[in-house]
Amino acid sequence: MLEEPRKILVTSALPYASGSLHMGHLVEYLQTDIWVRFQKLRGHLCTYVCASDAHGTPIMLKALELGISPEELTSEISAEFVRDFAAFGVDFDNYHTTHSPENEALTVEIFEALRKRGDIYTRTIEQAFDEREGMFLPDRYVRGTCPYCKTEDQYGDACENCHKTYTPTDLIDPISVVSGTTPVKRKSEHYFFKLSEYGDRLRAWMQEATLDKNVVAKLEEWFEAGLQDWDISREAPYFGFRIPGTEDKYFYVWLDAPVGYPASFMHLCERRDDLDFDEYWRPGHDTEVYHFIGKDIMYFHTLFWPAVLAGSGFRTPTSVFAHGFLTVNGKKMSKSRGTFIKARTYLDNLNPSYLRYYYAAKLGPTIEDIDLNLDDFTARVNSDLVGKLVNIASRCAGFIGKRFDGKLAEALPEPALFAEIAEASETIAEHFERREYSKAMRIIMSLADTANRYIDDKKPWVMIKNEDQLDEVQAVCTQGLNMFRSLMIYLAPVIPAVAEDARAFLNEDSWSWPCAAIPLLGVTINKFTPLLTRVEAKQVENMIEQSKESLAEHETAPEDDYISIDDFAKVDLRVARIDKAEAVEGADKLLALTLNLGDSTRQVFAGIKGAYQSETLVGRHVIVVANLAPRKMRFGVSEGMVLAAGPGGKDIFLLAPDDGAEPGMRVK
RNA sequence: GGUGAUGUAGCUCAGAUGGUUAGAGCGGCGGACUCAUAACCCGCAGGUCGGUGGUUCAAUUCCACCCAUCACCA
């Protein structure tokens, strides 16, 4: 290799820790992993870090719903991610979380640096507010009727029917997705980052980062429209990092999420002597930093992120590589069609090497979507990987093993033919470097065809019957196995597990890229065992069936009119005595109740102020849901729910037990 | 709705800065072989290059509009 070893840091977008990985996620992680493995095989110091994106409203609400802390939720999901990534051979040097001390320290450092240079200011804005939950609502958490075309049940930011954009408060009959109540408008002070002043620096960065032309086109479009300042704060309750100097304001998840890249790297530096944080993240060093992302988050990675870095004393990324989306059988992934396939469901049915190869065979450097066509997948994998590539080894290995005690010939009979494969090395490497994986795969498979044609032409199975030609059989098979070996080295970044087995079969300790040009001669190799079996149509069918089933559990349950006795038993209803009832300052519907449950007391907020005077409630018995997950509200934590009937307002009627019931009694 | 991208054989994709018969792999059909995980090898068939119009001696390749799909709209 002529190149000097490079120092490269690579990231993939941080998966949001609120759901499972699916086939779409894997496009990115496999694309990145292939590139990283390629760089390592070429002898470069390439480091791959990632982390779980752990903050934000969706995670906070999901944790509430499950009755666990956001920390518990995200660490459970991260553990799943780690397991799935490992199974697919995605080999991170470090996998961390954004809910980490490193991330908080860096986020605060960045914020303070930006504030110091005057890039942060505050402004009061008006937002939808859910009074029952005591929280501001992100646009996606308000639904209602589109003010333009009157389509019902639309998100708070845009109409799916007429595609007009608006704010949640424009909606007709807006409803909070969280509580089902009508949100009100409320003002609060937010922190803004002056992105508008970074236009020139971003344009300059865009030039030097050698982005894909489609990415540049998109950026030009955004520059054209004008850069707007960016709201980087959110009000409590929020799961994230508190903004220094405030009581109830947090950094917006999208501020600290990309900081997860350097933070994860920093976490790795603690245990790696050969990596220095500043060398990769401060300006003026000869290192490279690349972010692999999906095209949907380009705005964050090509505008916000470089601007934030540039303004706070960090280096900007060398480049950002955006890829397209995944469709399955030509359409968006669909739960009802069974094409919303989770990583785990795939792993339960199919070998990860298949998918790694198939994606590689289709991936290029552009933001075009790629299609996972399952029939094509089966045909392609069977034909290319099993029928062509592995077949070369399979048809040569038998002769070498049985007739020559596993010993390869001392010389290649056709050095020129081998050279053809060796000479493709740099072209293939260039394709890998430029993320033109599909082109690399095309060349490799065409060379595999050449190898198969060679064996077919020499017909070792005919020569083997003639004692005089035994040496030639050994030579031909040695030639075939060497061609196989070189191609396998080229494919090692794509199908590392198969390459590993092939290397063991050839009885070698390690491979690097240049090994592909040096033939393996005169040595004894191991017994051949099938390196890869064919994809069975049945496996694919099962995977789809199982993807449908997981939907059924999920979506038919709420439509079912009946619950089982076990479901009912999950609700722990108790008799409670109201010890104290007082109005909540700032809330016109809520009363704060202190309830006595016999062996404990707890605080519950109830929306009954319109119907009851607090003093008439003290001493009354009510029914309370005792095992409801506590909810953090603006005014405090509510630890249960008091049962009442009626539409609301002044028509609210508390349920009460007959005389004799004691606090703490279970309702059955 | 605005903006950007994509639309080439049954399938997945190349390609042409406008110019003789538009390519590959897979699938299909026919043949050969039997070393190999029914793999491999040889051959054949298959496309008015999304639609309509325009520029040109000549367009699938340039332009306009339309249709379909995808994304973004901070």
Side-chain angles (χ1 to χ4, degrees), chain A residues 139 148-149 157-159 161-166 193 195-196 212-231 254 294-300 302-304 322-327 329-332 358 361-364 366-403 436 438-439 441-446 448-465 473 476-477 480 484 528-536:
Chain A
D139 294 355
Y148 299 98
C149 72
D157 50 357
C159 174
N161 182 46
C162 70
H163 300 102
K164 282 204 167 62
T165 56
Y166 41 74
F193 167 61
L195 181 70
S196 53
D212 179 69
K213 69 173 168 54
N214 287 318
V215 177
V216 171
K218 204 73 198 171
L219 273 165
E220 293 286 8
E221 192 189 316
W222 286 327
F223 285 132
E224 190 74 19
L227 301 179
Q228 302 293 304
D229 291 344
W230 181 33
D231 183 354
W254 263 113
K295 62 178 172 178
D296 54 329
I297 53 176
M298 273 163 45
Y299 205 92
F300 293 99
T302 58
L303 296 178
F304 292 143
H323 60 80
F325 274 50
L326 181 77
T327 55
N329 289 341
K331 295 189 175 125
K332 265 198 238 188
Y358 188 72
K362 306 198 80 164
L363 272 169
T366 69
I367 59 169
E368 274 177 56
D369 293 351
I370 68 166
D371 185 41
L372 168 58
N373 180 294
L374 292 166
D375 290 337
D376 184 54
F377 166 83
T378 307
R380 189 88 180 244
V381 167
N382 286 343
S383 168
D384 289 1
L385 246 28
V386 183
K388 287 181 184 178
L389 190 83
V390 172
N391 186 44
I392 303 168
S394 179
R395 64 198 305 203
C396 292
F399 293 116
I400 294 290
K402 285 178 206 147
R403 303 300 294 264
E436 296 269 18
S438 64
K439 288 187 175 161
M441 295 308 105
R442 204 175 287 272
I443 294 174
I444 291 168
M445 285 310 147
S446 147
D449 285 342
T450 305
N452 273 311
R453 223 174 285 129
Y454 165 77
I455 296 163
D456 211 72
D457 188 46
K458 294 297 173 188
K459 301 191 179 12
W461 57 92
V462 175
M463 292 193 285
I464 199 74
K465 292 171 185 160
V473 171
V476 166
C477 292
F484 164 77
F528 181 80
T529 49
L531 294 170
L532 206 57
T533 53
R534 302 170 61 77
V535 182
E536 301 293 336

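Just so it is clear, the model here is predicted, and its values are computed rather than measured. Sequence lines set the chain letters: A, B, ... in the order given, protein chains first and strands last, and positions in each chain run from 1. Hydrogens, waters and symmetry mates play no part in the numbers below; they use all other heavy atoms, side chains included.
Residue A:Arg534 places at least one side-chain N or O closer than 4.0 Å to OP1 or OP2 of B:rA39. Considering only side-chain N and O atoms, A:Lys362 lies nowhere under 4.0 angstrom from the phosphate OP1 or OP2 of B:rC11. Residue A:Lys295 places none of its side-chain N or O atoms closer than 4.0 Å to OP1 or OP2 of B:rC70. Applying the 4.0 Å criterion to OP1 and OP2 of B:rC42, one finds that A:Arg453 has a side-chain N or O inside that range.
Within 4.0 Å of A:Pro530, counting heavy atoms only, lies at least one base atom of the nucleic acid. Within 4.0 Å of A:Leu531, counting heavy atoms only, lies at least one base atom of the nucleic acid. Across all strands shown, A:Val390 has heavy atoms under 4.0 Å from base atoms, whether or not it also approaches the sugar-phosphate. Nucleic acid contact for A:Gly387: sugar-phosphate only, since backbone atoms but no base atoms lie under 4.0 Å from a heavy atom of the residue. Note on A:Asp457: nothing from the nucleic acid sits closer than 4.0 angstrom, heavy atoms only. Heavy atoms of A:Asp375 sit nowhere under 4.0 angstrom from any nucleic acid atom. Looking at heavy-atom distances under 4.0 Å, A:Gly401 makes no contact with the nucleic acid at all. Residue-level contact check: A:Leu195 touches neither bases nor backbone, having no heavy atom under 4.0 Å from any strand. At a threshold of 4.0 angstrom between heavy atoms, the contacts of A:Trp230 with the nucleic acid are absent. Here A:Phe399 lies in heavy-atom contact (under 4.0 Å) with sugar-phosphate atoms only. Within 4.0 Å of A:Phe377, counting heavy atoms only, lies no atom of the nucleic acid at all.
Between the C1' atoms of B:rG27 and B:rG18, the separation comes to 33 Å (whole Å). Nucleotides B:rU61 and B:rG7, compared at atom P, are 12 Å apart to the nearest Å. B:rG28 and B:rG23 are spaced 23 Å apart, taking the P atom of each and rounding to whole Å. Look at the C1' atom in both B:rG19 and B:rC29: the space between them is 35 Å, to the nearest Å. Atom C1' of B:rC49 sits at a distance of 42 Å from the matching atom of B:rC35, rounded to the whole Å. For the P atom pair drawn from B:rU3 and B:rA59, the interatomic distance equals 30 Å after rounding to whole Å. A gap of 23 Å separates the P atoms of B:rC33 and B:rG25, to the nearest Å. When the P atom is compared between B:rC42 and B:rA24, the two are found 13 Å apart, to the nearest whole Å.
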Secondary-structure notation, RNA chain B, from Watson-Crick and G-U pairs under 3.5 angstrom (| other strand): (((((((..((((.....[...)))).((((.........)))).....(((((..]....)))))))))))).

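Between A:Asn452 atom CG and B:rU34 atom P there is a gap of 17 Å when expressed in whole angstrom units. When the P atom of B:rC35 is taken as reference, atom NZ of A:Lys465 falls 6 Å away, rounded to whole Å.
Comparing atom distances between the A:Lys388 side chain and each of B:rC26, B:rC35, B:rA39 picks out B:rC26 as nearest. In the set B:rC11, B:rG25, B:rU34, the nucleotide with an atom closest to the side chain of A:Asp384 is B:rG25.
Atom-to-atom distance recorded for A:Thr302:OG1 and A:Leu219:CG is 4.0 Å, nearest 0.5 angstrom. For the atom pair A:Leu389 CG and A:Ser383 OG, the distance stands at 11.0 Å (nearest 0.5 Å). Taking NE2 of A:His323 as the start and CG of A:Asp369 as the end, the distance is 10.5 Å to the nearest 0.5 Å. The CG atom of A:Leu363 sits 11.0 Å away from the CD atom of A:Glu368 when rounded to the nearest 0.5 Å. Going from atom OG1 of A:Thr450 over to atom NZ of A:Lys388 covers 10.0 Å, rounded to the nearest 0.5 Å.
Under 3.5 Å, the side chains of A:Asn373 and A:Arg380 contain no donor-acceptor pair of N or O atoms. A side-chain N or O of A:Lys362 and one of A:Tyr358 form a donor-acceptor pair less than 3.5 Å apart.
A distance of 6.0 Å or more separates the ring centres of A:Trp254 and A:Phe304.
Both A:Arg395 and A:Asp449 sit near RNA chain B, but only A:Arg395 has its closest nucleotide nearer the 5' end.
Within a 6.0 Å radius of NZ in A:Lys459, more than 12 heavy atoms belonging to other residues, nucleotides or ligands are found.
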